[in-house]
Amino acid sequence: MSKLSFRARALDAAKPLPIYRSRDLPDLKDCVSINRAVPQMPTGMEKEEELEHHLQRAISAQQVFREKKENMVIPVPEAESNITYYDRLYKGELKVPKQLIHIQPLGLDNEQPDYDMDSEDETLLNRLNRKMEIKPLQFETMVDRLEKASANQLVSLPEAKLLLNEDDYLLKSVYDYWVRKRKNCRGPSLIPQIKQEKRDGSTNNDAYVAFRRRTEKMQTRKNRKNDEASYEKMLKLRREFSRTVTILEMIKRREKSKRELLHLTLEVVEKRYLLGDFTGEVLNEVTVPLAEKPVYTAPVTLTNGNRHKAELKTKTGLMHQVSIKDEFPFDCVRPKKKYSKRDKLYTQRRPGRPPSQYTVNKADIKQYDFHSSGEEDYTPPLSPPSEPDEENDPDGLFAFRRKAGCQYLSPHMDQNLGVLWEHPELAGMDALRHRHSLTALSLPSRLVGLGRRRMGRGGRVILDRASSGLDVVLKQLDPDAFASPVSRTRDINRLVAQRASMSSGVSSATAASSFAEILNNIQSLRWHCFRPRPAQHQVNEGSRMGKPSLDGRVTSSLLLNTKNNGSGGLSFTAGADNQQLVGKTSEIFFTSAQCAKCTLTSYGLHSLLQCSSTGTSRPPHSATLSHSGAGISGRVSSSGIGGPLLPTHSSSSLQSLPNHRNHVSAVSPAHHHHSAQPSAPSPSALKLATVATTLDHVPKVTPASTISNLARENHEPERLLNGISETTMAMEVT
Amino acid sequence: MAQVDVVEGCRLPVLRKNQENEDEWPLAEILSVKEIPGRKLYYVHYIDFNKRLDEWVTPDRLDMKKLQFPKKEAKTPTKNGLPGSRPSSPEREVRKSLDLNLQTATAPSRGKTLPTPNGTARRLMASQPGRKRKANCGGTDEDSQDSSDGIPSAPRMTGSLVSDRSHDDIVTRMKNIDCIELGRHRLKPWYFSPYPQELTTLPVLYLCEFCLKYLKSLKCLQRHLTKCNLRHPPGNEIYRKGTISFFEIDGRKNKTYSQNLCLLAKCFLDHKTLYYDTDPFLFYVMTEYDSKGFHIVGYFSKEKESTEDYNVACILTLPPYQRRGYGKLLIEFSYELSKVEGKTGTPEKPLSDLGLLSYRSYWSQTILEILMDLKPDNGERPQITINEISEITSVKKEDVISTLQYLNLINYYKGQYILTLSEDIVDGHERAMQKRHLRIDPKCLHFTPKDWSKRGKW
């Protein structure tokens, strides 16, 4: 009993099993019952077949007799080996070679006809041979060619003539014979062949169809899961590659349009200047009738305040655009909601827009005229570029749709500046200190109080200023800089900022000043006024509008970053430096991802560009993103100066901020050397000077892309150097 | 006449001669009926006998007194093949298809005096409605997978054997080739093989002994032999000892030969599938040399990469060479390859009855050989682990265990497992080894395994 009650341990394949002879173990029989504890292994046969009579008989015979008994074997149908004509059939002898036989890879193709003559053919041949000589091989070759040429339908006689190139009589005889024979043939061909599968799947269950091709999906056998996944990834990559191409195409087109618009704007301004139309009356006269077009009904707004002084000029230019219905060029009235709409507008501008749509709408104008593509460039499309039904429904196209598989980042509050300022909790000093720092301008040398620098589109620098209780203290610290000119500037700045950034909460009252007044202001502040450039200059709005501005300088320092990294070319077409390309593109998409759109797509694109340009597989998205983030902060801090410290160098111009990386846009992520200089408080004018001088050596870049447009701005180094002393600010005043 | 009532699906005792040439009346099922001028012939499957013994019989061999008509329930064709090799009655379906395709079904048999088995013709038609149905529902493979109309989808793409009988219809359940002439031999096929359909009506199908091309007549074979100069399988010889050689053929590089070989092998391998191409397989053809050339004796195929440790896909000794030790030689060779590769392996499942017997026999002899060679070490009782046996022999662990069990060697004794060699086992082994002359000599093997996973394709 006790023996039966315990359970044998599982058989351990790694445990040594001692080997006994049965005679050594007389008491083994007592243990036999336990043998059941070893689980029975399956035989590997089909269950039903295993029970077949002859097999069972053979197995038991073997168990009993330990060897095969002649009458216990499994019977099989008989085979005979008594072909008497074998030796006549297989003529000749083969001497066995000493070496192992190795077949020559290409040795087998001696182009023998696959068709083999039968006795019926032989009769014909004998008959033909009375008139002419025809060898069996010759005949077989003919039939072979005819057969292989008539896959779908029989070769016609003229075709056969071309095909065979034989004597006419012979050809005719063989052809006629072949046609007749083929008609009587039961198979699809005179050369018997295995039935082929048909593409339509109708032969999936045809027992006579064999050797189907394995579908492409299954060509990976090992680690199939893995391979399938990577195959899908490749598909996705491909998809997104083509999407990138589309996007770049559209960017190219957009930039062309931009250029055109600029030319037109210049022209209009010049014309107006010649006409003396300083108040915009003529323009209005011209524009009003045109404004009937629904596309242009919305007043154009300037979204960027960072170039205000240039804008003052260019805006007038812009206002002359026929496409714009603006009663007054300096219409600063911004509906409050406008600003909050801004993000929306950003996200609207998707390349999802059908490429054919050339009408300029509000968003386009903004984009074309005042934004370089550096920052916002293209948000990757949520949907493939052209979906016909979307064309009819403007909202439908731009309507935000969640897409499966996309990651949506929650919007950053501090990106919506205007909105932010309305938040009481952020208006507290702590929040201010976090977001703003004391800022000084180098030239005019002054303190501007709490401010925050951010990058506008195209890398232009925007200073957001904040008023706070500290202002008093600041005044004490540097009364000169905080003197009246500043306040005057502030007026203007405010004015511009209001208009330009569509900032919320500022009434248009202050903006009521006339154009002339503003011009006056500008002049008194020694702001550089807009000078139209010769048209042969590659136009880009940055250089056009803010040549001497901080704007340009910052962009140039930006550019420097990229330069440091290698080649001077950023242009996509130039295909210059892969890393730059990747950096740029990723940054483009990084910013677009900021817009909380389509992270997935941007990632795809991003990684795909990486793959394409660097050829090395890069670590995943998050890494790159953080990478770019790091690069961004690094860059900003390096170009900025001195944290909340008060500036001691008059030439130090920029501010340093605790960065909001979200605001930093046109930064290539690849610049570690910049991150290596974290927001150290005292970088100096020296550095900036270096920056500027390095810019002297910046080679010209073909302006084939938005990015190269950025580079464009730096043609005139002396102006850039000047620019150091001339700061443009866009301020937001609460 | 009573025969009129005998339709597909009926069961009745049928006379057959057993191995002792005695009369037997095993129960059989009528799978098909055909009419040749003058009389009817019945294709019968003997219940509980292997399909290879199925045959056409004359009415006088049927025991009409014990005729059972197909039961409605039982004969519902279980197309998914759960009943295994026991054929389910196709009667209902055939009838239905006959109704549907009356004209087409009768046309060919009338047009010519074809010796075509009518059953085959019928079933071919029978598959058409299904095909149409499938085409109508826009049938991709995925679609048809869950369709319950019994039309099976494409089988899995790995391996070379089918275990489920989803593709088993009346066409594939019946032998379609009467006789194959190969070299000196005339072979009676055991199972269906998808040779071109127009060749299935021939009394004899002729194969070129060396390239295995199929030809419809002796004249054609003669003509072919004037053009075919092969005298050995078209691959590299990787082993030669005495008259035995092995040739390695890549199923991708030499498709024609591989396909011809598969077609021939299918005649003798029930579960072999030829659904897909031969690309992922290597074929090892064993030949015996004489002054005429290297004659094929048998072969085994092997996946270039197996996810399931298979070292053999299909294995076959041609019938004229069976029961002479060649099968074991093939198996031994397959394990020698695995030893070179440093892997353990196992044959692809399901095994056939003959396959099971051969493998068991090989495993038994291989393992017993090791166990009996173990000498006491320092007076200690010799011992060995299952893993060690597996490593030495390249036989997969599970097969080692199953063999030990089958031989009843494993016993649980005094708290541990032991191996016991009984006398009749020892004697039987020694007798068997005396008869085993053919052995693989590893020194004669010239084989470098390729890592197929590193190639883009097989």
Side-chain angles (χ1 to χ4, degrees), chain A residues 8 11 13-14 16-22 31 34-35 38 41 43-49 52-53 55 66-67 71 74-81 83 86 90 93-94 96 100-103 112 116-119 186-187 192-193 201-202 204-205 207-208 210-214 218 221-222, chain B residues 19 48 50 84-86 131 135 157 171-172 184-188 194 196-199 217 219-220 223-224 227 231 234 236-237 259 274 276-277 289 291-293 305 319-320 349-351 353 356 371 381-383 385-387 397 401-402 410-413 417-422 424 428 453:
Chain A
L11 184 61
L17 306 167
I19 298 160
Y20 291 83
R21 302 278 169 145
S22 311
C31 308
I34 294 146
N35 196 23
V38 183
M41 302 294 288
T43 59
M45 274 189 69
E46 294 269 284
K47 271 274 160 358
E48 299 285 323
E49 281 181 8
E52 277 170 5
H53 169 72
L55 176 65
R66 287 287 153 214
E67 62 184 316
N71 56 351
I74 294 176
V76 299
E78 71 277 23
E80 297 165 6
S81 304
I83 300 300
Y86 178 81
Y90 293 85
E93 304 214 332
L94 177 73
V96 61
L100 293 182
I101 294 168
H102 268 256
I103 206 138
Q112 296 281 21
D116 298 306
M117 201 173 71
D118 58 18
S119 22
R186 299 222 306 282
Q193 273 162 345
S202 62
N204 277 4
N205 296 303
Y208 279 95
F211 309 117
R212 295 164 175 86
R213 277 198 301 187
R214 280 156 221 261
M218 288 308 297
R221 289 168 73 83
K222 208 178 180 187
Chain B
Q19 282 140 295
D48 284 337
N50 191 279
S85 71
R86 208 177 122 215
R131 263 190 259 154
M157 273 186 252
V171 177
T172 51
R184 287 192 178 87
H185 315 290
R186 284 210 164 182
L187 316 172
K188 289 275 182 196
Q197 221 168 334
E198 63 266 27
L199 303 182
S217 70
K219 177 71 202 168
C220 287
R223 281 298 309 155
H224 167 74
K227 294 177 277 182
R231 284 297 179 268
N236 290 335
E237 194 182 10
Q259 292 184 356
L274 304 187
Y276 292 115
D277 59 35
Y289 169 78
S291 60
K292 290 287 179 187
E305 292 177 80
K349 309 297 180 303
L351 291 175
D353 48 359
L356 178 71
L371 296 184
R381 196 165 282 287
Q383 55 182 25
T385 69
I386 289 169
N387 286 343
K397 201 170 71 186
I401 295 173
S402 82
I410 303 187
N411 282 293
Y412 200 71
Y413 179 70
Y417 284 104
I418 59 164
L419 298 175
T420 49
L421 299 172
S422 66
D424 64 321
S453 64

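No hydrogens, no waters, no symmetry mates; every other heavy atom, side chains included, goes into these values. Just so it is clear, the structure is predicted and the values come from calculations on it, not from any experiment. Chain letters run A, B, ... following the sequence lines, proteins first, then strands; residues in each count from 1.
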What is the minimum heavy-atom distance between [X] and [Y], and which atoms define it?
X	Y	answer
B/Arg231	A/Leu94	CB-CD2, 3.6 Å
A/Ala207	B/Thr172	CB-CG2, 3.4 Å
A/Met41	B/Ser402	CB-CB, 3.3 Å
B/His185	A/Ser81	ND1-OG, 2.6 Å

Rounded distance (nearest 0.5 Å) linking atom [atom1] of [X] with atom [atom2] of [Y]:
X	Y	atom1	atom2	answer
A/Glu46	B/Asp353	CD	CG	11.5 Å
A/Leu11	B/Ile410	CG	CD1	5.0 Å
A/Leu17	B/Arg381	CG	CZ	13.5 Å
A/Glu49	B/Asp48	CD	CG	11.5 Å
A/Ser22	B/Asp424	OG	CG	7.5 Å

Check whether [X] reaches the backbone of [Y] with its side chain - one donor and one acceptor, N or O, closer than 3.5 Å.
X	Y	value
B/Lys292	A/Tyr90	yes
B/Arg186	A/Ile83	no
B/Thr420	A/Arg21	no
B/Asn236	A/Ile103	yes

Is chain B contacted by the side chain of A/Tyr20, its backbone, both, or neither, given a heavy-atom distance below 4.5 Å?
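It is both, since atoms from each part get that close.
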Do the non-hydrogen side-chain atoms of A/Thr43 and B/Leu351 ever get within less than 4.5 Å of each other?
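The answer is no, as the side chains (C-beta and beyond) never meet within the 4.5 Å cut-off.
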Top of [options] for chain B proximity - count of heavy-atom pairs under 4.5 angstrom:
options	result
A/Glu78, A/Met117, A/Lys47, A/Glu93	A/Met117
A/Ala210, A/Pro16, A/Ala13	A/Ala13
A/Ala79, A/Ala14, A/Pro77	A/Pro77

Assess whether atom NZ of B/Lys219 is packed by more than 12 heavy atoms of other residues, nucleotides or ligands within 6.0 Å.
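Buried by this count: over 12 neighbours within 6.0 Å.
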Among B/Ser291, B/Pro319, B/Gly293, B/Pro320, single out the residue with the greatest number of heavy-atom pairs under 4.5 Å to chain A.
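Of B/Ser291, B/Pro319, B/Gly293, B/Pro320, B/Ser291 has the most heavy-atom pairs under 4.5 Å with chain A.
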Chain A heavy atoms under 4.5 Å from B/Ser422: which part of the residue, side chain, backbone, both or neither?
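Looking at B/Ser422, backbone and side chain both touch chain A.
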